[in-house]
Amino acid sequence: MHVRYRCELIIERMAAPRACRILEEAGLTGYTVLPAISGLGRQTRWNRDADISASSDMVVVVSIGAQEQIEAALKEIESLLSNHIGVLSIGEVNVLRPDRF
Amino acid sequence: MHVRYRCELIIERMAAPRACRILEEAGLTGYTVLPAISGLGRQTRWNRDADISASSDMVVVVSIGAQEQIEAALKEIESLLSNHIGVLSIGEVNVLRPDRF
Amino acid sequence: MHVRYRCELIIERMAAPRACRILEEAGLTGYTVLPAISGLGRQTRWNRDADISASSDMVVVVSIGAQEQIEAALKEIESLLSNHIGVLSIGEVNVLRPDRF
Amino acid sequence: MDIALATLLSPIVLFFLLGLGAALLRSQMTIPEAFAKGLAIYLMMSIGLKGGVEISKGQLGWDAGLVMMSAVGLSFLLPVLAFALLRLTTRLDRIDAAAAAAHYGSISIVTFVAAGQAVAAAGLEAAGYLVAVAALMEVPAIISALVIANRGGARSEAVAGSDKGELAREVLLNASVVVLLGALVIGWITGEAGMQAVAPFFVTPFQGVLCLFLLDMGLSAGRGLRNGWRQLGPGTIAFGVYMPLVSALLAAGVAALNGMPAGDAALLITLAASASYIAVPAAMRLAMPKARPSIYLTLSLGITFPFNLILGLPLYIWLAKMVSAGVA
Amino acid sequence: MDIALATLLSPIVLFFLLGLGAALLRSQMTIPEAFAKGLAIYLMMSIGLKGGVEISKGQLGWDAGLVMMSAVGLSFLLPVLAFALLRLTTRLDRIDAAAAAAHYGSISIVTFVAAGQAVAAAGLEAAGYLVAVAALMEVPAIISALVIANRGGARSEAVAGSDKGELAREVLLNASVVVLLGALVIGWITGEAGMQAVAPFFVTPFQGVLCLFLLDMGLSAGRGLRNGWRQLGPGTIAFGVYMPLVSALLAAGVAALNGMPAGDAALLITLAASASYIAVPAAMRLAMPKARPSIYLTLSLGITFPFNLILGLPLYIWLAKMVSAGVA
Amino acid sequence: MDIALATLLSPIVLFFLLGLGAALLRSQMTIPEAFAKGLAIYLMMSIGLKGGVEISKGQLGWDAGLVMMSAVGLSFLLPVLAFALLRLTTRLDRIDAAAAAAHYGSISIVTFVAAGQAVAAAGLEAAGYLVAVAALMEVPAIISALVIANRGGARSEAVAGSDKGELAREVLLNASVVVLLGALVIGWITGEAGMQAVAPFFVTPFQGVLCLFLLDMGLSAGRGLRNGWRQLGPGTIAFGVYMPLVSALLAAGVAALNGMPAGDAALLITLAASASYIAVPAAMRLAMPKARPSIYLTLSLGITFPFNLILGLPLYIWLAKMVSAGVA
Ligand SMILES: Nc1ncnc2c1ncn2[C@@H]1O[C@H](COP(=O)(O)O)[C@@H](O)[C@H]1O
Ligand SMILES: Nc1ncnc2c1ncn2[C@@H]1O[C@H](COP(=O)(O)O)[C@@H](O)[C@H]1O
Ligand SMILES: Nc1ncnc2c1ncn2[C@@H]1O[C@H](COP(=O)(O)O)[C@@H](O)[C@H]1O
Ligand code: NA
Ligand code: NA
Ligand code: NA
């Protein structure tokens with residue numbers, strides 16, 4: 001197996017397309033978006049089913065990629081997170097078929 | 001980037017608020033709860049859409065934090081898991097803006 | 001705490017039961033399936049709410065296990081992924097109660 | 001027996017059987033949880049409103065008050081009985097037995113509705129305040145079961161992370177209590193006039209929505225049975241069938257003592273005989289996390305619910321007629 | 001006042017209060033988001049269709065055109081006023097104030113519907129084209145607010161990853177604009193004849209669906225208040241109550257100038273007085289991500305919406321009668 | 001042509017076009033999957049029940065049996081034809097061509113319903129057993145396509161992790177087969193009497209629900225087209241238009257041979273001409289995972305469905321009239 005990176009971005013639902021565009025432009029070969037149902041942050045406490053406006057909903061964007069692409073995305077994501085609410089974390093993982101990332 | 005920890009707790013939906021209170025009291029700055037749709041354990045095999053009582057539903061609580069806070073939460077979570085169904089795993093991740101955790 | 005492995009398989013919803021059977025047969029003690037809402041790959045761009053056929057939906061199968069069991073599952077999963085769309089990644093995590101995995 | 005056949009061939013029972021059959025044949029079809037939960041709230045609003053409007057027409061007298069108090073008493077009492085029977089006849093431990101017992105003291109609102117329709121089909125009438133009785137019977141059984149479970153040796157310590165009020169809120173303010181009682185009061189306030197505006201949504205299509213909901217219940221019951229029946233011994237399975245009969249007899253006695261008319265008696269008997277499968281399971285996960293859902297749910301949803309729906313209802317109506325005839 | 005009491009005791013208000021109360025008492029009950037979103041789309045289709053059919057019956061004259069233009073003007077203007085008031089009387093910064101102001105220039109379709117029912121209950125009539133007015137008033141306020149926010153010092157740079165057209169698409173093609181205007185045009189095209197086929201779904205059960213939706217809104221408003229009220233100072237809370245009155249007075253002036261009949265005037269006044277809580281919050285997350293939802297949502301959904309629903313509507317109808325009487 | 005215009009201006013077609021337009025303009029609006037799936041189940045229950053009640057009124061004779069058998073034959077046969085045409089005229093490989101072919105042998109239940117309404121609007125009548133025909137035509141095409149795909153060189157090995165029965169269960173017990181056939185049988189058993197109780201839910205609002213569902217289908221079709229059309233060559237796109245015509249002609253022949261009345265013939269022709277977009281795609285993911293959904297879905301939902309809905313239906317009714325006139 002081969003070392004790659006798992007980038008996990010917890011971000012506002014409305015801002016997720018922006019994050020995804022950044023990942024795509026940085027050359028990452030894919031991502032998957034997961035829904036979240038509630039959360040707590042330093043400023044917010046939200047719950048999907050309890051807010052009809054859905055304006056505080058978060059989602060989780062997961063993208064497995066090579067170091068190079070993830071580094072290429074980092075600066076733009078940092079800039080995105082200066083405007084939008086979100087948390088980025090990157091972990092090391094092993095993958096099959098390394099040429100795909 | 002800076003090393004922090006990603007704590008992932010797969011736990012019964014009804015017990016998730018208890019887990020979240022533990023995290024909050026241990027000083028973690030946030031968490032996000034994701035829904036799950038089905039699963040298998042040593043005792044259970046469940047499926048969200050196939051059980052009208054929803055009493056076996058699980059959720060996943062993700063919290064990124066510093067070692068200190070996570071360690072502070074560990075004992076209480078262990079106690080919670082002696083009553084409730086759940087699986088805890090902790091991985092190392094890199095984050096931006098380390099002061100936030 | 002004790003080292004175990006977190007296996008995360010992003011896979012087509014229709015193929016998830018196949019992946020789960022493989023995990024179960026390899027001796028993993030459990031797994032949890034999370035829904036996804038949208039994604040991008042080398043060939044696909046999908047969105048759960050925007051496709052009435054749901055034929056491109058993906059889910060994420062998470063399984064925490066010991067090295068041995070995960071290695072036992074790897075070959076079959078590789079074969080599964082030669083037919084079905086999906087991404088496998090494996091990360092190192094720490095767990096409580098190691099005898100459970 | 002005509003009522004029995006009519007019950008069996010009613011669309012709601014047939015759709016339940018369709019779901020049950022599909023699940024047992026391992027069909028993968030599902031009805032999305034979010035949709036089913038929405039339907040459940042609709043059903044409870046509708047039942048509450050109709051009950052409230054009925055109440056607004058007449059007057060709640062002493063007799064209704066007495067019935068309500070007896071019903072609360074039944075809900076407190078039945079779990080004690082159920083627990084004793086389970087401990088005597090099965091190998092379930094104290095916790096599992098107490099949790100299962102809670103379900104049998106509480107009620108199933110869908111069974112109640114099906115009974116209402118069977119009662120109407122049998123040419124009987126039922127009073128609106130029975131909806132309030134249903135709502136009142138949801139909770140006491142949970143308290144009984146908690147007391148029973150805690151008496152056993154080691155006092156239960158608070159679970160880590162638990163909040164003082166959370167169990168009370170879950171038990172007293174769960175969706176079915178809030179919506180049922182809330183809609184009842186709203187129906188009471190707005191009366192027939194207010195109902196007219198919302199009847200095309202809450203009254204006319206009710207039966208059809210119920211069919212859809214019962215299809216989902218059939219799927220749930222079938223899957224529960226398929227996954228869970230192995231964990232139930234023959235004693236436990238038998239309990240799922242005779243316990244409703246025991247409760248029905250007790251409730252028939254209460255109905256006789258209160259001199260209830262046949263329609264009302266049938267509903268009270270059904271409430272006693274029915275077992276909860278939404279509100280109580282949720283409360284049990286909080287209050288007795290170590291009790292196994294695979295036991296109490298398979299019992300309540302997989303065995304008692306179908307039994308009541310298909311065989312129980314005609315029996316309870318017959319029983320109610322006996323009782324009220326004896327009274328009159 | 002009879003209208004006030006009738007409003008307060010209508011099922012929709014009572015279900016809103018039920019939800020509000022349950023949330024304030026910290027009940028955990030929820031209505032699944034997917035179900036509520038489906039209902040919201042149903043409501044907008046229904047409103048649009050009915051408006052379109054009304055339009056198809058008569059003729060859209062110059063006067064309707066003038067009202068539409070005035071309404072668009074109001075939607076542009078109100079945020080300027082709201083922003084000035086917020087900056088003068090509260091400590092909100094420019095961004096938070098501009099974002100909140102956008103909500104008050106835009107509209108709440110549920111408030112509009114409730115006004116329609118109160119208008120009918122008061123024996124008045126309203127023209128179908130007011131639905132088009134509602135749709136037209138959704139967007140201009142957002143543009144105003146953006147201009148206001150950007151004038152303050154540092155020109156806003158594009159947020160990383162943002163796409164040129166995305167804000168325009170979100171604002172001009174959000175669900176409520178698409179469905180409301182789309183259904184309006186469809187109702188217009190198919191007219192009374194086409195409506196007949198779909199009326200049993202879109203017309204008859206409408207009021208009941210609204211009850212269910214308002215239960216959910218009550219839950220949302222209650223939870224918003226509980227989590228958010230601490231962040232609102234007394235000045236901000238007061239704004240949530242007096243701003244709708246200010247808007248109502250302005251709209252009453254516009255109605256007088258246009259010589260609108262009482263029913264139409266009441267709806268226009270209500271639109272002006274109402275504040276958005278779905279479309280504008282979403283747009284704000286894209287356009288002004290730094291503005292805090294806990295401020296603007298608590299204000300709009302937690303304070304202004306209940307105020308309008310319970311106290312505002314009778315007032316606006318009374319105001320509309322005054323205005324149209326003065327005109328006549 | 002009057003029928004053509006009436007079809008084009010019917011609310012369901014207009015809502016489809018609204019969704020299609022919004023998606024092509026890149027609106028982000030969506031209808032939640034859970035809600036749409038719930039509606040889909042409602043629609044199938046309703047269709048099944050109505051068909052069953054119709055059957056219960058008359059008698060299923062030999063002629064109905066013959067039509068059913070011919071329809072099953074058609075469903076087996078059409079994929080062979082579709083496959084051959086695709087391989088001759090496009091660059092799709094064996095797997096992609098076989099998967100697409102399966103869709104054209106199977107059916108679209110929404111197209112069937114729209115045809116039913118167009119048939120009624122044209123003053124014709126259709127027999128209830130056609131619903132059974134629809135259900136019977138879902139599956140055979142999948143079997144044909146599997147045979148075709150497997151004949152090509154390397155026998156398909158079992159995919160890792162696959163379970164022997166899973167494909168059969170998915171194909172024979174998917175939601176649409178279970179609900180359609182189940183409701184049909186239930187309608188048959190309970191007959192007109194049982195239907196009365198549930199008609200206010202399953203019959204009266206049906207058309208309106210269909211509008212909402214078609215709005216969602218328009219959104220899906222539009223997004224599918226936008227993402228997928230680049231992958232379709234002109235030959236493939238042309239296939240999406242001429243294949244339904246080919247199927248229609250074949251079915252017209254079958255209708256003539258069976259001497260079917262015009263209304264029945266129109267429905268059979270429509271079934272043949274329609275292409276599946278829910279059941280078959282799901283089956284294909286299991287059975288031929290390497291076939292690309294972007295091909296078969298864009299074809300079936302993005303091209304053939306709109307073509308049938310807007311242009312095809314009037315044509316098929318005209319064809320059916322010709323055929324039955326020739327017969328009579
Ligand atoms: N440390 C964290 N771990 C996981 N999720 C977080 C964390 N901090 C914030 N979040 C998520 O981000 C949202 C906004 O956080 P904040 O901006 O801190 O209010 C929260 O509601 C959570 O869903
Ligand atoms: N090893 C595991 N990896 C991931 N999820 C697990 C694991 N074990 C258990 N789970 C989840 O926890 C639930 C209960 O597990 P158990 O208590 O073992 O029956 C299962 O249904 C799964 O959703
Ligand atoms: N690198 C990746 N990281 C996360 N998810 C991915 C990745 N690549 C693909 N996916 C997911 O897998 C689906 C199919 O990918 P593909 O087979 O590359 O078209 C995508 O739509 C994503 O949901
Ligand atoms: Na009971
Ligand atoms: Na306004
Ligand atoms: Na076909």
Side-chain angles (χ1 to χ4, degrees), chain D residues 5-43 46 113-114 116-118 120-121 199-216 218-219 222-223 226, chain F residues 31-46 48-49 52-53 163-191 193-206 208-209 278-279 282-283 286:
Chain D
L5 197 70
T7 307
L8 194 61
L9 296 184
S10 75
I12 59 174
V13 172
L14 292 173
F15 274 109
F16 177 79
L17 293 176
L18 176 61
L20 194 75
L24 291 177
L25 290 171
R26 299 180 61 192
S27 161
Q28 293 300 108
M29 84 157 280
T30 55
I31 294 179
E33 184 206 25
F35 194 75
K37 229 179 130 187
L39 293 187
I41 288 175
Y42 163 87
L43 294 175
S46 169
V113 168
Q117 306 200 335
F201 181 63
F202 285 119
V203 180
T204 354
F206 183 82
Q207 287 242 39
V209 178
L210 202 58
C211 288
L212 186 37
F213 194 73
L214 274 156
L215 174 60
D216 194 29
L219 291 166
R223 294 213 174 89
R226 226 183 49 223
Chain F
I31 293 178
E33 184 206 25
F35 193 75
K37 228 177 130 188
L39 294 187
I41 288 174
Y42 163 87
L43 293 175
M44 291 183 299
M45 284 174 86
S46 169
L49 279 172
V53 170
D163 178 21
K164 246 197 324 187
E166 73 181 338
L167 182 59
R169 283 198 303 274
E170 180 62 36
V171 166
L172 297 173
L173 293 174
N174 65 46
S176 93
V177 170
V178 166
V179 176
L180 217 50
L181 284 185
L184 188 93
V185 171
I186 292 175
W188 197 347
I189 296 178
T190 64
M195 192 63 172
Q196 248 165 32
V198 299
F201 181 63
F202 285 119
V203 180
T204 355
F206 182 82
V209 179
I278 298 188
L286 276 189

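Here the structure is a predicted model, which is why all the values come from computation and not from measurement. A note on names: the letters A, B, ... follow the listed sequences, proteins ahead of strands, and every chain is numbered from 1.
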Steps toward side-chain contact (heavy atoms from CB on, under 4.5 Å) verdict (Met45(F), Leu212(D)): CA-CA 8 Å; Met45(F) 284 174 86; Leu212(D) 186 37; 3.4 Å; yes
Phe206(D) and Val198(F), any side-chain heavy atoms less than 4.5 Å apart: no
Option that, when pairs with chain F are counted at under 4.5 Å, heavy atom only, ranks first among Thr204(D), Leu17(D), Leu210(D): Thr204(D)
Spatial distance of atom CZ (Phe15(D)) from atom OG1 (Thr190(F)) [nearest 0.5 Å]: 8.0 Å
Top of Ile12(D), Leu9(D), Val209(D) for chain F proximity - count of heavy-atom pairs under 4.5 angstrom: Val209(D)
Chain D contact via Phe35(F) - side chain, backbone, both or neither, heavy atoms under 4.5 Å: both
Chain D contact via Ala183(F) - which portion, at a heavy-atom distance below 4.5 Å: both
Selection from Cys211(D), Gly19(D), Ser10(D) maximising heavy-atom pairs under 4.5 Å formed with chain F: Cys211(D)
Chi angles and distances behind the side-chain contact (heavy atoms from CB on, under 4.5 Å) call for Asp163(F), Arg26(D): CA-CA 12 Å; Asp163(F) 178 21; Arg26(D) 299 180 61 192; 3.8 Å; yes
Minimum heavy-atom distance between Val178(F) and Ser27(D), given as atom pair plus value: CG2-OG, 4.1 Å
Side-chain touch Arg169(F)/Leu25(D), heavy atoms, less than 4.5 angstrom: no
When Gly208(D), Ala22(D), Ala36(D) are compared by non-hydrogen pairs under 4.5 Å with chain F, the top option: Gly208(D)
Heavy-atom proximity to chain D below 4.5 Å, by part of Leu172(F): neither
Step-by-step side-chain contact (heavy atoms from CB on, under 4.5 Å) determination, Met29(D) to Ile41(F): CA-CA 10 Å; Met29(D) 84 157 280; Ile41(F) 288 174; 4.2 Å; yes
Point-to-point distance, once rounded to the nearest 0.5 Å, from NZ of Lys37(F) to OG1 of Thr30(D): 3.5 Å
Pick from Ala34(D), Pro32(D), Pro200(D), Gly38(D) with the largest number of heavy-atom pairs that fall under 4.5 Å of chain F: Pro32(D)
